[in-house]
Amino acid sequence: MDNLTIAAYPVEMKGIVKRFPGVLALDHVDFQLRPGEVHILLGENGAGKSTLIKVLSGAYIAEEGEIYIDGVKVEIRSPQDPLDHGLRFIYQELSLVRTLDIARNMFLGMEPTRGPGLIDSKTLYTKAGELLKQFHIDLDPTEIVGRLSVTQQKMVEIARALTSRANVIVLDEPTDVLEDRSRKDLFDVIGNLKRDGVSFIYISHRYAEVYDLGDRVTILRDGKNVGTFDIRDLTLQSMIELMIGGQIKKQYPDLPAPSAEEALRVENLSRKGILKDINLTVHRGEIVGVTGLMGAGKTELGRAISGIDPFDAGQVYVHGQAVHCTTPDQAIRQGVAYLPEDRKTQGLILDHSIRDNYALPSLDRLSVAGMVRHGQINAEARQYMERLRIKAPSVDTFARQLSGGNQQKAVVAKWLGAHAKLLVFDEPTRGIDINGRREIYQVMEELLQQGVGILMLTSDYTEALEMSHRIIVMRRGEICREYQHGEPTEADILREAIGLLTGAEERVA
């Protein structure tokens, strides 16, 4: 295999250079994809992974370099060009049409017909339903995409990319919102397609996936290819050290002891068909992790507590006082802030600056007689940029220019500026690299030391185990188990989330 000729590569990229104002994003990068392999592309946020894929997809045009498909030099100048050559792309960012239903999204531009200009709707919905079942996606093909959760939308996007036969499939963080069973279903499909000769370029921050799926790995750092390796030749430690260019630091901080004072208490909170008799507490300086499978009710619980979605029964107490927040604004006034799983569309206004995003929830406090105090906003935004170590040239930097980790810290900054004392963190490190995760965890540790309570909603079981004083497992809208830190394993959490009994429990039952 080492003497493969250029004709053997389904994709080869040679000397790719891409510049943005003040940034050399790709510095003469070479990349080769072999037939029937899963080639993992690794690197920290900002290393150049997504930029390289966008050059291949036609979203960006490189200033220098050459691209070959099956040994033939091609010009990729638009997103249609790679599609014509049998390449398909699943991006980290969702690209579904929110006003269309699932089936029409899955077959958009490839609709079965029963005559010129006539869509065969019956066949379309039948095929969509069959493909959803293949992925164990329990969704109605007629459901409007805009009503789905982020996790469900990602599964639809994956299914859409596999509706048409492709020679090369590029997946950019495809599992960042998937729970374990859905992830396994995807891996099974990838394995089957590999046996049929399909090649994959796979970007991931989940390092276990490298060994579960990968044949080879290419590591980018600061826009350069620092090496391509067979998976069996790399240990996890050496792989991460190549990515960060140094020694691995401690990933998880030591959690300080929480206060006895309650930040949040929820009693018998219910919403018909979604949440049932939820009871939990969060103390000041405590992280309570809530985990479970897709659809377990984690996000719905966070949104109900934060005044975003209504609930039918129950009571919420914040710092010992009964509150009934029917809008996010009311919750904010009580010191409750919700940090959504989709920070790009719900947590930030990407085309506004760090300063503007910081000021939005605090404009009443930052104004006098209707006049905004811009000097105070600038000073506070700079203070939080320094305090949270947000890496950006200035407070005028647009949110879309930040890495995932720095975007998350910008969301934290605006809620600290709004004097929030209870943070509902929904998937706090989703799509964030290893250094970015460590920085977010350090920020959370500092918040605990200041007496902030954190309700952390996460589908990452390791994160729940390492970053929670207590761990709550949900299943079908109910709390099925609560653990103390250090008590459960990942297998214990998964067993509770699925609803499996141990052998002893089965005998008792």
Side-chain angles (χ1 to χ4, degrees), residues 252-270 275-293 296-308 311 314-321 323 325 331 334-341 408 412 415 420-430 440-475 477-490 492-494 496-497:
Y252 300 101
D254 297 322
L255 299 178
S259 165
E261 182 182 347
E262 286 183 353
L264 170 72
R265 184 166 84 254
V266 175
E267 293 183 351
N268 303 315
L269 189 145
S270 297
L275 299 169
K276 183 178 179 181
D277 291 330
I278 302 296
N279 291 275
L280 62 84
T281 58
V282 180
H283 296 88
R284 294 189 63 186
E286 181 182 38
I287 298 178
V288 174
V290 180
T291 191
L293 301 180
K298 304 184 299 294
T299 292
E300 291 79 2
L301 173 62
R303 289 172 62 89
I305 291 171
S306 306
I308 301 171
F311 53 90
Q315 182 63 59
V316 175
Y317 297 84
V318 177
H319 299 301
Q321 300 296 315
V323 299
C325 301
Q334 297 294 334
V336 179
Y338 177 69
L339 288 76
E341 60 177 326
Q408 188 69 293
V412 174
W415 291 123
K421 293 300 181 184
L422 174 74
L423 298 183
V424 180
F425 246 129
D426 198 350
E427 303 292 353
T429 61
R430 175 166 288 166
I440 293 297
Y441 296 148
Q442 289 173 348
V443 168
M444 293 170 75
E445 179 193 21
E446 292 167 8
L447 295 175
L448 297 179
Q449 292 170 345
Q450 296 161 26
V452 174
I454 297 175
L455 183 66
M456 181 176 68
L457 317 174
T458 178
S459 56
D460 185 330
Y461 298 157
T462 302
E463 183 170 78
L465 290 170
E466 298 289 347
M467 286 298 298
S468 305
H469 291 88
R470 288 181 290 125
I471 303 154
I472 290 173
V473 184
M474 291 188 67
R475 182 173 69 244
E478 297 183 71
I479 292 176
C480 56
R481 187 68 180 265
E482 179 175 322
Y483 294 102
Q484 296 295 321
H485 180 82
E487 185 179 1
T489 65
E490 287 192 36
D492 293 329
I493 291 177
L494 181 59
E496 292 291 343

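From a predicted model like this one, the values you see are computed outputs, not experimental measurements. Reckoned from all heavy atoms, side chains included, excluding hydrogens, waters and symmetry mates.
- Residues T429 and Q408 share a closest heavy-atom pair of N-NE2, 4.5 Å.
- Considering CE of M474 and CD1 of I479, their distance stands at 6.0 Å, rounded to 0.5 Å.
- Taking 4.5 Å as the limit, some side-chain heavy atom of L447 sits within range of a side-chain heavy atom of V412.
- Looking only at distances, no side-chain donor or acceptor of R475 sits under 3.5 Å from a matching main-chain atom of G292.
- Scanning for salt bridge (charged side-chain N to carboxylate O under 4.0 Å, His left out) contacts around E463 gives an empty result, with sequence neighbours left out.
- At least one donor-acceptor pair under 3.5 Å links the side chain of T458 to the backbone N or O of D460.
- Distance check: Q450 CD to L448 CG gives 9.0 Å after rounding to the nearest 0.5 Å.
- Applying the side chain to side chain contact (heavy atoms under 4.5 Å, CB included) rule to A420 yields the partners A337, W415, L423; only residues at least two apart in sequence or on another chain are considered.
- Of the options E482, E478, E496, a side-chain contact (heavy atoms from CB on, under 4.5 Å) to V473 is made by E496 and by none of the others.
- Shown here is Q321, whose CD atom has no more than 12 heavy atoms of other residues, nucleotides or ligands within 6.0 Å.
- Shortest non-hydrogen contact noted between V266 and I278 is CG1-O, 3.5 Å.
- Note that the CG atom of L455 and the CD1 atom of I472 stand 7.0 Å from one another [nearest 0.5 Å].
- Side-chain atoms of E267 never come within 3.5 Å of backbone atoms of L280 as a donor-acceptor pair (strictly under, hydrogens ignored).
- Separating the CD1 atom in I471 from the CD1 atom in I493 is a distance of 5.0 Å, to the nearest 0.5 Å.
- The shortest side-chain heavy-atom distance between R284 and H319 falls under the 4.5 Å cut-off.
- One finds the OG atom of S306 at 7.5 Å from the CG atom of L422 (value rounded to the nearest 0.5 Å).
- Taking both residues in full, the closest heavy atoms of Y461 and A497 are given as OH-CB, 4.0 Å, listed atom of the first, atom of the second, then distance.
- Closest of all the heavy-atom pairs between L293 and K298 is O-NZ, 3.4 Å.
- Using a distance-only test at 3.5 Å, with no hydrogens or angles considered, a donor-acceptor pair links the side chain of N279 to the main chain of N268.
- At least one donor-acceptor pair under 3.5 Å links the side chain of R470 to the backbone N or O of T281.
- Closest non-hydrogen pair, P428 versus I440, comes out as O-CG2, 4.2 Å.
- Residue D426 holds its CG atom at 11.0 Å from CE of M456, rounded to the nearest 0.5 Å.
- Contact record, Y338 with P340: O-CD, 3.5 Å, taken as the closest heavy-atom pair.
- H469 places a side-chain N or O within donor-acceptor distance of the main-chain N or O of I287, the cut-off being under 3.5 Å.
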Which pairs of donor and acceptor atoms, one on a side chain in residues 252-259, lie under 3.5 Å apart (sequence neighbours left out)?
| from | atom 1 | to | atom 2 | distance (Å) |
| --- | --- | --- | --- | --- |
| D254 | OD1 | K250 | NZ | 2.9 |
| D254 | OD2 | K250 | NZ | 3.1 |
| S259 | OG | E261 | N | 2.9 |

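- You'll find the side chain of Y483 stays beyond 4.5 Å of the side chain of L465, heavy atoms only.
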Side chain to side chain contact (heavy atoms under 4.5 Å, CB included) for F425 and M444? Distances and angles first, verdict last.
CA-CA 10 Å; F425 246 129; M444 293 170 75; 4.0 Å; yes

